[in-house]
Amino acid sequence: MPLFDETLNQRLAELREQHLFRELRRVDSAQGPRIEIGGQTFLNFSSNDYLGLANHPALKTAAIHAVEKFGAGAGASRLVCGSLASFHELEESLAAFKKAEAALTFSTGYAAALGTITALVGKDDVIILDKLVHASIVDAAKLSGAKLRVFDHNDLNDLEKILKWANEKSRLTPHASRILIVTESIFSMDGDCAPLRKIGALKEKYGAWLMVDEAHATGIIGQNGRGLADELGMSDQIEIQIGTLGKALGASGGYICGSRALIDFLVNRARSFIFSTAPVPAAAAAATAGIKIVQSAEGETRRHHLRQRVTELISNFKFQISNFPGAIVPLIIGDENEALAAAAKLREQNIFVPAIRFPTVARGAARLRITLTASHSANDVAKLCAALPPTPHASRRHEPTRPT
Ligand SMILES: *Cc1c(COP(=O)(O)O)cnc(C)c1O
C-alpha cells in the first residue's frame with residue numbers, strides 16, 4: 001500500500017510541476033448563471049447547459065413523474081430486464097427531432113461513441129479523425145483496433161490525402177475494408193464549425209462513412225435547434241449522427257441517430273449499450289422534455305438570448321474574431337500556468353471560467369473556455385468583459401470557419 005500511494009503521489013507531483021494538476025470544486029447549488037462554491041456566489045461561465053434547461057421546471061417535473069412511475073433505477077441492461085417506456089419515448093422524440101429513421105440512447109455521449117465506433121469498425125478498417133475531435137472518439141477509435149489516421153483541423157486537403165491512401169489500401173486488402181470519417185459540427189474547445197458540406201462531398205467521392213458529433217450544436221444551431229446536419233440538409237448523407245443529452249438538452253445521456261439498420265445493429269453489437277445498466281428513467285424523461293422545449297417557441301427565444309450574449313462578448317474584443325456559431329468562446333492563452341493564473345484572477349472577482357489544459361487541449365494551447373447560456377443577462381456578460389484581461393491573447397491557432 002505505501003509503495004502504491006508513493007508511486008501515485010510522485011505522478012501527481014509531476015502533474016503539479018507541469019501545472020496540469022486538476023481538482024474538483026464542490027458546488028452547492030443547481031447549474032445556472034450563478035453557482036455557490038464555498039459559501040460564495042460566482043457568475044458561472046463554465047457550463048454546457050447552453051439553454052438553461054438543466055434546472056428548468058418542465059425537465060424537473062418530467063424527471064419527478066418518471067421517478068414516481070418507474071422508480072429510481074432501471075434494474076438492468078435494456079436487453080435483459082425489458083426496456084422502459086421512458087427510453088422509447090425519448091428515442092422516438094430524438095429520431096423525429098433529428099429527422100432520422102431511428103435513434104438509440106446510451107448512458108453518456110462517451111458510452112455512445114465507444115459502443116458505436118467499436119461496433120462499426122475493426123482491424124481491417126480505417127478510421128480518420130479531425131485532429132480536434134473529443135476524447136471519447138479518440139478512445140473509441142483506439143479501442144476499435146482500426147487503423148487510425150488524423151487530419152489537421154478542418155483541413156480538407158489533408159483529409160483527401162488520407163482518403164486517397166485509405167482507398168488504395170482498401171483495394172489491396174482481401175477483406176472488405178471500410179473507411180470511417182469522424183468530425184464534430186461545433187468543436188468543443190474551439191467553438192468553431194466543421195466544413196461539413198465539403199467533408200460530405202469527400203466521403204461520397206471515396207465511398208467512406210461519415211459520423212458527426214453534434215454535442216455542442218444540438219439545440220443550438222439550425223432550424224428548431226436540430227443541429228448543423230439538418231441545417232445543411234445532410235441528415236440523409238451522414239451515416240451516424242452522435243450527440244449528448246447532457247448539454248443544451250439539459251439532462252444526461254448520449255444518443256445515436258441514423259437508419260433503422262444502424263440502430264438494430266447497435267442494439268446487437270454496441271458493447272457499452274449491451275453490457276451496461278440502462279440509465280435512470282428520470283434522465284430519459286428529462287431529456288424528452290428538453291427536446292420538446294428546444295423545438296418550441298420558448299426554445300427559439302432561448303437561442304435568441306444566447307446569440308445576443310455571444311455577440312455582446314465577442315464585440316467587446318478589440319481584435320476581430322470571426323464567427324462562433326455556438327455558445328463557446330475560447331480565449332487562447334497558451335502557457336498552462338498563465339491560463340491558471342487568469343482563471344484564478346477571475347475567481348477573485350467571483351467569476352467562474354475554467355482554464356482548459358492538456359490533455360483536453362494540446363500542450364501549450366491552454367485557454368479560458370468561456371461558455372455563455374440563455375440564462376445569462378447582458379449585465380452578466382458586461383461584468384465578465386470588465387474582468388477579462390485587457391487584451392486577451394486571442395492568437396487562435398486557426399480561424400473559426402462558418403458552416404459551409
Ligand atoms: C461532452 C462531449 C461528449 C461526451 O458526452 P457526455 O454525454 O458528456 O459523455 C462527446 N463529444 C463531444 C464533442 C462532447 O463535447
Side-chain angles (χ1 to χ4, degrees), residues 31 46-51 53-54 59 87 90-91 94 98 103-118 127 129-144 150 153-154 180-194 196 199 210-221 227-229 238 240-257 270-273 276-280 282-284 286-288 290-291 294 324-330 354 356 359-362 367 369-373 400:
Q31 275 301 311
S46 66
S47 176
N48 298 326
D49 176 28
Y50 302 132
L51 296 180
L53 298 187
L59 274 77
F87 301 119
L90 170 58
E91 286 160 358
L94 265 171
K98 289 285 182 177
L104 188 68
T105 55
F106 292 71
S107 52
T108 61
Y110 191 106
L114 221 61
T116 302
I117 290 175
T118 57
I127 182 163
L129 309 182
D130 184 286
K131 191 172 184 174
L132 297 187
V133 293
H134 191 256
S136 57
I137 295 166
V138 176
D139 293 356
K142 286 182 180 163
L143 185 62
S144 75
V150 173
H153 178 53
N154 283 347
L180 174 64
I181 305 168
V182 192
T183 190
E184 292 177 18
S185 52
I186 293 180
F187 282 84
S188 59
M189 296 300 142
D190 290 66
D192 60 341
C193 217
L196 204 55
I199 292 176
L210 179 58
M211 178 173 192
V212 178
D213 187 338
E214 296 239 47
H216 299 277
T218 296
I220 301 300
I221 59 172
L228 184 60
I238 296 165
I240 310 119
Q241 297 192 55
I242 183 169
T244 179
L245 308 169
K247 288 168 181 157
L249 295 176
S252 156
Y255 71 81
I256 296 285
C257 286
R271 295 172 64 86
S272 63
F273 176 83
S276 189
T277 302
V280 297
T288 306
I291 293 168
V294 157
F324 289 102
I328 306 156
V329 180
I356 304 287
T360 310
V361 295
R367 66 200 59 190
R369 177 185 184 259
I370 301 168
T371 51
L372 296 161
T373 75

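Computed from a predicted structure; not experimentally measured. Whatever order the structure lists them in is the order used to number ligands and atoms, beginning at 1.
- At least one side-chain heavy atom of Thr116 sits less than 4.5 Å from a side-chain heavy atom of Met211.
- In this structure, the side chains of His153 and Asp192 come closer than 4.5 Å at one or more pairs of heavy atoms.
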Test Ile117 against Ile240 for side-chain contact (heavy atoms from CB on, under 4.5 Å), laying out the working first.
-> CA-CA 10 Å; Ile117 290 175; Ile240 310 119; over 6 Å; no
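- The heavy-atom pair separating Thr105 from Phe87 by the smallest distance is OG1-CD2, 4.3 Å.
- In this structure, Ser136 counts as a contact residue of ligand 1, since one of its heavy atoms falls inside 4.0 Å of the ligand.
- At least one heavy atom of Gly253 lies less than 4.0 angstrom from ligand 1.
- Among all non-hydrogen protein atoms, the one lying nearest atom 6 (P) of ligand 1 is Gly109 N, 3.3 Å.
- Atom 3 (C) of ligand 1 has His134 CE1, 3.4 Å as its closest protein atom, hydrogens excluded (heavy atom only).
- When each of Val294, Thr373, Leu249 is checked for a side chain to side chain contact (heavy atoms under 4.5 Å, CB included) with Leu53, only Val294 meets the rule.
- Nearest heavy atom pair, residue Phe324 against residue Asp190, reads CE2-O, 3.4 Å.
- Taking every non-hydrogen atom of Glu184 and a distance limit under 4.0 Å, the qualifying atoms of ligand 1 come out as 13 (C).
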Stepwise side-chain contact (heavy atoms from CB on, under 4.5 Å) test for Leu90 and Ile291 | CA-CA 9 Å; Leu90 170 58; Ile291 293 168; 3.7 Å; yes
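- Between His216 and ligand 1, at least one N/O pair is under 3.5 Å apart.
- Among protein heavy atoms, the minimum distance from atom 2 (C) of ligand 1 is reached at Lys247 NZ, 2.4 Å.
- Interface atoms of ligand 1 facing Ser188, defined by a heavy-atom separation under 4.0 Å, are 15 (O).
- Here the protein heavy atom with the shortest distance to atom 9 (O) of ligand 1 is Tyr110 N, 2.9 Å.
- For atom 8 (O) of ligand 1, the nearest protein heavy atom (residue, atom name, distance) is Thr244 OG1, 4.2 Å.
- Side-chain contact check for Val212 versus Leu228: every heavy-atom pair is 4.5 Å or farther apart.
- Only the side chain of Asp213 comes within 4.0 Å of ligand 1, judged by heavy-atom distances.
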